[in-house]
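Worksheet: one structure, shown below.
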Amino acid sequence: MTDRRLAEDVRIVGSGLLGTSIGLGLAARGVDVVMDDVSPSARRLAVDYGAGREPAAGDAPGLIVVCVPPDVTASIVARELAAYPDALVTDVASVKAAPLAELRAMGADLGRYLGTHPMAGRERGGAISARADLFVGRPWVLAGHDDISYRRAGAIEDMILDLGAVPIELDVERHDRSVALVSHVPQVVSSLLAARLSEGDGAALQLAGQGLRDVTRVAGSDPALWVQILGANAPAVVDVLRPLRDDLERVIAALDAPEAPGSRRAIADALAAGNTGVARIPGKHGQDRRFSQIVVMVDDTPGELARLLTEIGEAGVNMEDLRLEHSPGAQIGLAEISVVPEAEQRLVAELEERGWTIAGAFA
Ligand SMILES: NC(=O)C1=CN([C@@H]2O[C@H](COP(=O)(O)OP(=O)(O)OC[C@H]3O[C@@H](n4cnc5c(N)ncnc54)[C@H](O)[C@@H]3O)[C@@H](O)[C@H]2O)C=CC1
Ligand SMILES: O=C(O)C(=O)Cc1ccc(O)cc1
């Protein structure tokens, strides 16, 4: 028998990115998973990928996971609660207060419903983008409310743990305020910045480096999904956007008159506040500690990166993170290796001895 916590059979409604990824992860652990979708071809595709089986008469799931767009989440949750009176029902929508309020207004049986939100995803939807390991190591919020205890929702936590994610209990309002700050506003800022590029000189784009890619990655997200997410969490998003606009106006005023008394200070203060903020983003395993970075030049030939990683292992150093940078047209890649500060000097020496070129090392 596969090692797992979840004892229930699972029904997944919505066979897109999230539903298929959950199905793949659970099916791999031997759970009996049924995939469903309003679109028969989406459902069949998820079944073809191995996320689960077609629905059948007599299915009696103990846990139902609704993975549909936010604006239909409440109505599908209500339908499933009514259709399967013994099942626990959850959903994965990116907003939590609005679907709960809708369900309450419909008179749904909230004693069997607890919404969740995995903080993992991709810019592209659909089963074709799904991955069984999408949730490994990622936070997954259980959005608590007064009609059900976390203990009663134990099977949902079992599912989260079986998928390798980290359960976090937050009530719905705190969840929505939190994701406004860490997910919804970053989406808006990333999109607005990327939108500037559509007007830029084509030659300027040839100069694009990793910094631009870092801050615009999520600008490739699906507008149809995000219109729903932002609309459903509008007050919390605006609460972050307004002070952001004030900060931007202060920077613009300072740059309009950079020589005026106080202007340079205003710019420096804005950038320093950014340093303080970025230092608060937890690293791997949610820890706050910062790592040293070692940048190694890697020939753009097959097997070179694998050789580097093997040799770091041989040196007995645990790699905390890895980032790759490629310049278009260049035959060299840069591998930025994060290690604990105590290991930095030793690893640099080991790698140089083995013939690697170190482009930089910094704490
Ligand atoms: N895309 C992401 O990165 C993340 C998305 N979420 C949430 O997950 C949910 C699903 O998103 P994705 O999987 O990305 O979308 P998706 O577009 O890949 O899949 C949604 C699926 O739901 C189906 N569907 C639509 N209406 C339905 C209905 N009435 N009944 C049954 N099926 C229906 C669609 O046919 C589609 O297959 C959304 O609520 C989203 O907020 C949560 C975390 C991350
Ligand atoms: O791509 C990423 O980094 C994400 O964080 C994706 C994501 C998109 C929507 C969510 O509600 C949660 C996560």
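All ligand and atom numbering here is 1-based and tracks the order in the structure. Computed from heavy atoms alone, side chains included, the values below leave out hydrogens, waters and symmetry copies.
Test K96, H117, E169 against H175 for side chain to side chain donor-acceptor pair (under 3.5 Å) and you get one pass: H117.
Looking at L225 against ligand 1, only its side chain comes within 4.0 Å, counting heavy atoms.
Protein heavy atom closest to atom 15 (O) of ligand 1, with residue, atom name and distance, is L17 N, 4.5 Å. Ranking the protein heavy atoms by distance from atom 5 (O) of ligand 2 puts R138 NH2, 4.4 Å first. Distance from atom 42 (C) of ligand 1 to its nearest protein heavy atom, with residue and atom name: V92 O, 3.3 Å. Closest to atom 44 (C) of ligand 1 among all protein heavy atoms lies A120 O, 3.2 Å. At the top of the distance list for atom 40 (C) of ligand 1, counting protein heavy atoms only, stands S94 OG, 3.6 Å. In this structure, the protein non-hydrogen atom closest to atom 4 (C) of ligand 2 is G121 N, 4.4 Å. Considering only non-hydrogen protein atoms, atom 29 (N) of ligand 1 sits nearest to I76 CD1, 3.5 Å. Looking from atom 20 (C) of ligand 1 to the surrounding protein, the closest heavy atom is C67 O, 3.8 Å. In this structure, atom 37 (O) of ligand 1 lies nearest to the protein heavy atom D37 OD2, 2.7 Å. Protein heavy atom at the shortest distance from atom 8 (C) of ligand 2 is W226 CZ2, 3.9 Å. Of all protein heavy atoms, the one closest to atom 31 (C) of ligand 1 is V38 N, 3.2 Å.
For the pair R264 and E259, the salt-bridge criterion is met [side-chain N within less than 4.0 Å of a carboxylate O]. Using a cutoff of 4.0 Å between basic side-chain nitrogens and carboxylate oxygens, R354 and E350 are scored as salt-bridged. R307 and E311 are joined by a salt bridge, as a carboxylate oxygen and a charged side-chain nitrogen come within less than 4.0 angstrom of each other. A salt bridge is absent between R44 and D48; no separation between the charged side-chain nitrogens and carboxylate oxygens falls under 4.0 Å.
An N or O contact shorter than 3.5 Å links R217 to ligand 2 by distance. Considering backbone and side-chain N/O of R79, none are found under 3.5 Å from N/O of ligand 1. Considering backbone and side-chain atoms together, L18 places an N or O closer than 3.5 Å to an N or O of ligand 1. The shortest N or O to N or O distance between G126 and ligand 1 is below 3.5 Å. For a threshold of 3.5 Å applied to N or O pairs, the pair formed by T73 and ligand 1 contains no separation below that value. Considering backbone and side-chain N/O of H117, none are found under 3.5 Å from N/O of ligand 1. Taking distance alone, with nitrogen or oxygen atoms compared against 3.5 Å, V68 approaches ligand 1 more closely than that limit. Considering backbone and side-chain atoms together, P118 places no N or O closer than 3.5 Å to any N or O of ligand 1. Close N/O approach between I229 and ligand 1 is not found [any backbone or side-chain N/O within under 3.5 Å].
Nearest-residue assignment for atom 22 (O) of ligand 1 (options P69, G125, G16; heavy-atom criterion): P69. Between the choices E123, M119, H117, the shortest heavy-atom distance to atom 10 (C) of ligand 2 belongs to H117.
Looking at residues two or more places apart in sequence or on another chain, you find no ring pair (Phe, Tyr, Trp, His ring centres under 6.0 Å) involving W356.
For D171 against Y150, the heavy-atom pair with the smallest separation is N-OH, 4.3 Å. The two residues A361 and E344 make their nearest non-hydrogen contact at CB-OE2, 3.6 Å.
Distance check on atom 8 (O) of ligand 1: some protein heavy atom falls below the 4.0 Å cut-off.
Applying the 4.0 Å criterion to heavy atoms of P70 picks out, from ligand 1, the atoms 38 (C), 39 (O), 41 (O). Under a 4.0 Å criterion applied to the non-hydrogen atoms of R122, ligand 1 contributes the atoms 1 (N), 3 (O).
A parallel orientation is assigned to the rings of H145 and Y113, their planes being inclined by less than 30° (bins at 30° and 60°).
For residues 217-232, the set of pairs meeting the salt bridge (Lys or Arg N to Asp or Glu O under 4.0 Å) definition, not counting sequence neighbours, comprises E123-R217.
Within the structure, the closest approach of D222 to ligand 1 does not fall below 4.0 Å when heavy atoms are considered. Residue contact check for ligand 1: S129 places no non-hydrogen atom closer than 4.0 Å to it.
Inter-residue side-chain proximity for V13 and D37 is flagged as unmet; no heavy-atom pair is nearer than 4.5 Å. In this structure, the side chains of R53 and D59 come closer than 4.5 Å at one or more pairs of heavy atoms. Counting only heavy atoms from C-beta outward, the side chains of V66 and V92 never approach each other to under 4.5 Å.
Side-chain contact check for E320 and S338: no donor-acceptor pair (N or O, by modelled atom type) lies under 3.5 Å.
The CG atom of L63 sits 12.0 Å away from the CZ atom of R11 when rounded to the nearest 0.5 Å.
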- Item | salt bridge (Lys or Arg N to Asp or Glu O under 4.0 Å) assessment of R323 paired with D214 | CA-CA 11 Å; R323 248 171 55 139; D214 285 349; 3.0 Å; yes
